[in-house]
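What follows is a short report on a single structure.
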Amino acid sequence: MARRGAAALALALALLAVALAGAAAQGAAVEDPDYYVQEIWSREPYYARLEPEPFSPPLPAGPGEEERKLRASEPRPPKKATKREKLAPETPPPGKKSNRKGVKTKSSEKAAGDDHRVPVARDAAREGCPPLGLETLKVTDFQLHASTSKRYGLGAHRGRLNVQAGINENDFYDGAWCAGRNDLHQWIEVDARRLTKFTGVITQGRNSLWLSDWVTSYKVMVSNDSHTWVTVKNGSGDMIFEGNSEKEIPVLNELPVPMVARYIRINPQSWFDNGSICMRMEILGCPLPDPHNYYHRRNEMTTTDDLDFKHHSYKEMRQLMKVVNEMCSNITRIYNIGKSHQGLKLYAVEISDHPGEHEVGEPEFHYIAGAHGNEVLGRELMLLLMQFLCQEYLARNSRIVRLVEETRIHIIPSLNPDGYEKAYEGGSELGGWSLGRWTHDGIDINNNFPDLNTLLWGAEDRQNVPRKVPNHYIAIPEWFLSENATVAAETRAVIAWMEKIPFVLGGNLQGGELVVAYPYDMVRSTWKMQEHTPTPDDHVFRWLAYAYASTHRLMTDARRRACHTEDFQKEDGTVNGASWHTVAGSLNDFSYLHTNCFELSIYVGCDKYPHESELPEEWENNRESLIVFMEQVHRGIKGLVRDLHGKGIPNAVISVEGVNHDIRTASDGDYWRLLNPGEYMVTAKAEGFTSSTKNCIVGYDMGATQCDFTLSKTNLARIREIMEKFGKQPVSLPARRLKLRGRKRRQRG
């Protein structure tokens, strides 16, 4: 424990030093060009603002007297004025919906008695109180109430920021709370279950492909007993807050005076002319301490890991990676796999006991995050993971030491840095559902890989597999490699990276859901949008998916609410990608059909871009799963394929009886084949060698079974080798026969 504490303290001091250095000389050049050759991202200054004293509505008589005394004795926060922040639409890439993306404009409200407009900071939600948790589901359905609703699928429980409607919008999973009537008496309220200092409201319209429903103005009311309500005032009258002007872009309104209460209610005053009263929302508020409330103390999540829990800009990410590299220089290496469309380097961190080299017999693993730039949680989890592995290795945690010494781990925290910078500008609550999702040139990296499924299935239907199209290592079509193909620079970089390193297992972290998806991601029936489409290794993929989901704190919890529309509990937090929604050209399918790597998509949270205050809990939710998933790379069989002289044979094919998918050996002749526990007949074959078959048994204990092969050359290969040695070529018998026949014909003639 002393070593671990010393390592954590050293890393914390190093991070503090980096932060102080950045504050003293922001944008200063650093001697190492590999880290700081990119653009320096300047941040606008935050404006100091005065905040009015918080207002508390009258409490009911009785027990509330103690709460009144508690609030009166608390120190008052610094003063801050009103502000309102909004995102304006951005031109979407071809084929995208214009209401799903935006860039930010700024405006402000006038507070009561204030004639001066206040400048707005970049991340409004991050500066003040955090969100209560409507989007993250911290606020339960039982805490949401409404005056009326059109039907159950449009009830108060659907009034959460960024909630998405199902494919069929008239079912239980629609895209907002919608009032049963359009009049001024409608409302939706949140029960915070404890005294809370409310500071702001964020609203959206209804998520729908067909309907246009949103609220254009509203009042805010607070209460301590849900019976007596106090309306937020603007001078002597009720304050009317400006709402939305379209249905997807979030709009933030801060209260002119923070309000301390238990309940908060939104009362729509006007709405889109051709629509209905529908809204999604998030509430900003700081829960007040209540030492007597056992419920809240029992449910508070804390972490003992001393890590850098914050959102990192591109420059801050590089600085953090350098700190980790300097702390653990003997097990880490930083490199880049290429550049983004805007020229930002795609950085990767390697963690291994011999960084920079492939060790024979040691499997290669990778995590990729940030393919969608606005799915920020995965990016931050990767930055936390590399810090954690460094700290625990220095503290000699036996589990982490064994993992690092027996595995070569690669982590790419941000595959789409251009998109992330756009999302980072919007902030954790104001980016909507898709700001920064695509690359700078409007490409979705997640489905930008070559479609090899169609090539394989077409060949199988014509019954010419494996002669013309193999069941593995399927070649990339030439059109995809041309300069004119619509392929992102980031996609090309990942393909080259995966072709260079013999990865065995990988996970790409995404957001917006809580599930692990395994291939295939594309349906085989062309006329279907959803269809269970398993790979030949379906049982292995299901095991890998369950290994992550079952060790996550929430994925397999039967009591948890579905994030949006899908309930994945029937498969224990896992899903076949094609049975969820079909995607052609996904990273998972490409990886399986073009390389040896088994790739899965890990959706780590309902909220794509959670508030900074949520990061410690999200880390606790995913930490064990991230480690367990890496350990799965040591399941199945492994070994060397060598010739009679003991030299490794590269590109040898490893086949498992009953599984119509092969893998190949790396350049040194070593291989790894992920398999579930069982007994398998395994065959190794290579061009010019006789094949060899063995019975390999995979046990339940962690650690791959060693299964080596020694191949002897075929007679023809030996003849060729001898004749090439003496400068002659072996005779081709069919060609020799044809030559003799031609000679006989000429003689007869």
Side-chain angles (χ1 to χ4, degrees), residues 49-84 109 111-114 118 124-134 138-140 142-145 161 187-203 218-241 252-267 281-297 299-300 429 611 613:
R49 290 181 295 280
L50 296 179
E51 181 180 295
E53 298 177 3
F55 170 82
S56 299
L59 287 165
E65 188 64 30
E66 292 184 6
E67 295 175 320
R68 262 196 296 270
K69 291 178 181 179
L70 177 63
R71 290 204 309 275
S73 63
E74 289 179 347
R76 289 176 177 172
K79 296 184 177 181
K80 182 167 66 174
T82 306
K83 68 183 173 187
R84 177 175 176 271
E109 296 274 358
D114 187 2
V118 182
R126 187 165 55 194
E127 279 193 298
C129 288
L132 290 188
L134 275 77
K138 266 192 163 184
V139 174
T140 68
F142 299 106
Q143 294 174 253
L144 300 173
H145 307 278
L161 191 72
W187 48 262
I188 181 172
E189 72 178 47
V190 180
D191 176 7
R193 287 185 172 168
R194 63 194 295 183
L195 287 177
T196 302
K197 184 178 75 171
F198 297 114
T199 60
V201 178
I202 302 173
T203 59
Y218 58 88
K219 293 181 181 179
V220 176
M221 296 176 281
V222 294
S223 173
N224 283 307
D225 59 3
S226 76
H227 297 291
T228 304
W229 293 88
V230 174
T231 304
V232 175
K233 301 291 184 182
N234 184 7
S236 59
D238 296 345
M239 186 166 186
I240 304 295
F241 293 91
L252 165 67
N253 281 289
E254 283 204 339
L255 307 184
V257 178
M259 310 289 284
V260 176
R262 173 175 168 173
Y263 302 88
I264 185 168
R265 178 178 286 185
I266 310 302
N267 172 216
M281 66 177 185
E282 182 63 84
I283 305 297
L284 305 184
C286 297
L288 300 183
D290 185 357
H292 303 293
N293 193 322
Y294 170 75
Y295 173 83
H296 296 296
R297 284 188 286 115
N299 288 277
E300 286 177 353
E429 313 306 322
H611 190 268
S613 62

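The basis for the numbers below is simple: all heavy atoms, side chains too, and nothing from hydrogens, waters or symmetry mates. Remember, it's a predicted structure, so these values are computed and weren't measured experimentally.
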Does a side-chain heavy-atom distance below 4.5 Å link [X] with [Y]?
X	Y	result
Val190	Met281	yes
Leu284	Ile202	yes
Glu189	Ile266	no
Glu429	Leu161	yes
Arg193	Thr140	yes
Pro256	Val232	yes
Ile283	Val201	yes
Asp238	Lys233	yes

Straight-line distance of [X] [atom1] to [Y] [atom2], nearest 0.5 Å:
X	Y	atom1	atom2	answer
Thr228	Tyr263	OG1	OH	11.5 Å
Leu252	Phe241	CG	CZ	10.5 Å
Arg262	Asp225	CZ	CG	9.5 Å
Leu255	Lys197	CG	NZ	11.0 Å
Asn253	Ile240	CG	CD1	11.5 Å
Cys286	Leu195	SG	CG	13.0 Å

Self-check item: Taking every non-hydrogen atom, the tightest pair across Ser226 and Arg265
Solution: O-NH2, 4.5 Å
Practice problem: Would you name the heavy atoms of Ala261 and Asn224 that are closest together and state the gap between them? | Solution: CA-OD1, 3.3 Å
Is a side-chain N or O of [X] found less than 3.5 angstrom from the main chain of [Y], in a donor-acceptor match?
X	Y	value
His145	Phe142	yes
Gln143	Asp191	yes
Thr196	Arg194	yes

Quiz item: Of all residues at least two apart in sequence or in a different chain, which pass the ring pair (Phe, Tyr, Trp, His ring centres under 6.0 Å) check with Phe198?
Solution: none
Quiz prompt | Residues in side-chain hydrogen bond (donor to acceptor under 3.5 Å, both in side chains) contact with Thr203, at least two apart in sequence or another chain | solution = Asn244
Practice problem: Would you please name every residue forming a side-chain hydrogen bond (donor to acceptor under 3.5 Å, both in side chains) with Ser613, sequence neighbours left out? | Solution: His611
